Participant: 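I'd like to ask you about the structure that follows.
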Amino acid sequence: MINRFSLISSLALQMNGMEIPGLGYPEVLIKLKEEEKQKKSYKLVLDFRDGALSIIETNRLCEEVHREFRDLSEAEVDYLGTEINDHAYDENLDIHCEKCNKFYRPFCRLHPLFKIPDREPRKEELSTKVYSQLTLPILFRIEESKIPNAGLGVIASVFIPIGMVFGPYKGIKVYKKDEFKKDGYAWLIKNGDKKFYIDGSDPKRSNWLRYINSPRHEDEQNMIAFQTNSRIYYRVIKPIRIDQELLVWYGSSYGGEFVESEDGGKSKKPVKNPFICTPRNGP
Ligand SMILES: C[S@@+](CC[C@H](N)C(=O)[O-])C[C@H]1O[C@@H](n2cnc3c(N)ncnc32)[C@H](O)[C@@H]1O
């Protein structure tokens, strides 16, 4: 039996940088002097009280409420959380915080994000399973969805806190809907005047995110999709408990319309990042 928290925190501890979705580990932090990097006065933790990632000062660490993920230097924490005016928002640099309803560069310090990378498939495994399934991180399993007739889905094997980020969604770049191999696997990406789709319908050329289904109603939703750097990522907005299915909203065809869609679908729950999905062809 996998321990609820130790697996995910040991994964996080192995990563040597605060990863920024779409941007990797920022240059500015790589160039920091060694002595700056040594000043570890903050920690990225899982806060059990709200099931979310949080950044705290080291002297506030309390074993009963926190599970330590990794140390953070002052410089790293200073780098986070610069508030950006809506009109100055840059798709390549800034991420919208759902809780604060503001843009931050690179993301909110109070509600931090942490990216879990795809698993790297080994060559000899490719004959055993299709590529996209082999990219599944150890935290999850792919099996028949609990949603009737939805096919396969992704289920959590450990507790997944708010703030975890997965992605980017992989697939083939296409410019027209009629080029989709199959409906239901393509995200629309918009960057200025540029517009294209990432079609993950081919399981050999996509990753595990292609197996994530859409909730039937708002209560079931535990992730949102967002765009940064012309890529689509999924982020956890509600704690996902062991054996629960990961569900990201991708259009109006499997529930109410609460995300702005390409055809101007009504927005009950606006997502500020320019994440737009095609109602019939989402994600
Ligand atoms: C991105 S894929 C998700 C993985 C898919 N279940 C599979 O087995 O490959 C999207 C497709 O899953 C199915 N699906 C996703 N959410 C659903 C839902 N809430 N109800 C019914 N089918 C759903 C639809 O067939 C949709 O086209």
Side-chain angles (χ1 to χ4, degrees), residues 116 118-119 121 126 128-137 139-157 160 164-174 176-190 196-227 231-238 240-241 243-263 265-269 271 273 275-283:
I116 296 290
D118 282 8
R119 183 179 172 276
L126 294 170
T128 61
K129 260 188 194 169
V130 69
Y131 180 86
S132 52
Q133 295 209 7
L134 290 168
T135 66
L136 185 76
L139 314 172
F140 307 112
R141 51 187 201 272
I142 294 173
E143 61 186 39
E144 194 68 27
S145 170
K146 288 165 193 145
I147 299 178
N149 308 316
L152 296 174
V154 179
I155 314 291
S157 295
I160 305 293
M164 284 284 164
V165 172
F166 312 113
Y169 187 89
K170 290 196 181 144
I172 301 165
K173 194 170 180 177
V174 293
K176 290 187 190 138
K177 285 184 190 181
D178 54 22
E179 293 169 29
F180 295 166
K181 294 251 161 44
K182 205 171 159 190
D183 273 356
Y185 290 83
W187 279 107
L188 171 65
I189 300 204
K190 276 184 171 178
F196 61 92
Y197 299 89
I198 293 293
D199 177 12
S201 55
D202 183 347
K204 293 194 216 94
R205 302 182 68 181
S206 185
N207 60 351
W208 67 279
L209 270 64
R210 75 182 291 287
Y211 295 100
I212 297 177
N213 287 317
S214 182
R216 288 161 291 185
H217 45 80
E218 193 170 353
D219 288 350
E220 226 175 29
Q221 180 187 16
N222 47 33
M223 295 197 294
I224 55 169
F226 67 99
Q227 180 184 318
R231 284 152 179 237
I232 296 291
Y233 293 84
Y234 294 174
R235 111 172 153 229
V236 178
I237 54 162
K238 236 189 256 166
I240 306 175
R241 306 199 182 276
D243 295 337
Q244 267 185 351
E245 181 164 352
L246 278 64
L247 294 168
V248 69
W249 183 256
Y250 49 72
S252 55
S253 46
Y254 301 113
E257 290 180 359
F258 55 95
V259 165
E260 196 179 75
S261 56
E262 194 189 23
D263 66 351
K266 280 191 196 114
S267 179
K268 279 190 213 154
K269 187 173 182 187
V271 174
N273 283 44
F275 134 58
I276 313 229
C277 51
T278 53
R280 266 188 314 104
N281 300 314

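First listed ligand is number 1; within each ligand, the first listed atom is number 1. Note that the numbering runs from 1 along the sequence shown for the chain. These numbers were taken from a predicted model, which means no experiment stands behind them.
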Participant: Select one of side chain, backbone, both or neither to describe which atoms of Ile147 lie under 4.0 Å from any atom of ligand 1, heavy atoms only.
Facilitator: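 Ile147 to ligand 1: side-chain contact only, backbone stays beyond 4.0 Å.
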
Participant: Find all atoms of ligand 1 within a distance of less than 4.0 Å from any non-hydrogen atom belonging to Asn213, and give their numbers and elements.
Facilitator: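 Counting from 1, the qualifying ligand atoms are 3 (C), 4 (C), 5 (C), 6 (N), 12 (O), 13 (C), 14 (N), 15 (C), 16 (N).
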
Participant: I'd like the name of whichever of Ser206, Gly151, Ala150 reaches closest to atom 6 (N) of ligand 1 through any heavy atom.
Facilitator: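 It is Ala150 that holds the nearest heavy atom.
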
Participant: Considering only heavy atoms from C-beta outward, does the side chain of Phe166 approach that of Ile160 to under 4.5 Å?
Facilitator: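 Counting from C-beta outward, Phe166 and Ile160 do come under 4.5 Å.
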
Participant: Sequence neighbours excluded, which residues qualify as side chain to side chain contact (heavy atoms under 4.5 Å, CB included) partners of Lys238?
Facilitator: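 Result, side chain to side chain contact (heavy atoms under 4.5 Å, CB included) vs Lys238: Asn222.
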
Participant: Indicate yes or no: at least one non-hydrogen side-chain atom of Leu247 is less than 4.5 angstrom from one of Ile212.
Facilitator: no

Participant: Between Ser157 and Phe140, is there a side-chain heavy-atom distance shorter than 4.5 Å?
Facilitator: no

Participant: With no hydrogens and no angle check, is any side-chain donor or acceptor of Asp202 less than 3.5 Å from a backbone partner on Gly171?
Facilitator: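 No, Asp202 side chain to Gly171 backbone: no donor-acceptor pair under 3.5 Å.
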
Participant: Gly184 heavy atoms, cut-off 4.0 Å: which ligand 1 atoms fall inside?
Facilitator: 1 (C), 2 (S), 10 (C), 27 (O)

Participant: Just jot down the side chain to side chain donor-acceptor pair (under 3.5 Å) partners of Ser206, sequence neighbours excluded, or say none.
Facilitator: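 Testing Ser206 for side chain to side chain donor-acceptor pair (under 3.5 Å), a comparison that skips the adjacent residues, returns none.
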
Participant: Who's closest to atom 7 (C) of ligand 1 heavy-atom-wise, of Tyr185, Tyr169, Trp249?
Facilitator: Tyr185

Participant: For Leu247 and ligand 1, answer yes if some heavy atom of the residue is under 4.0 Å from a ligand atom, otherwise no.
Facilitator: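 No, Leu247 has no heavy atoms under 4.0 Å from ligand 1.
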
Participant: In ligand 1, which numbered atoms sit nearer than 4.0 Å to a non-hydrogen atom of Tyr211?
Facilitator: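 Going through ligand 1 atom by atom, the ones under 4.0 Å from Tyr211 are 3 (C), 4 (C).
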
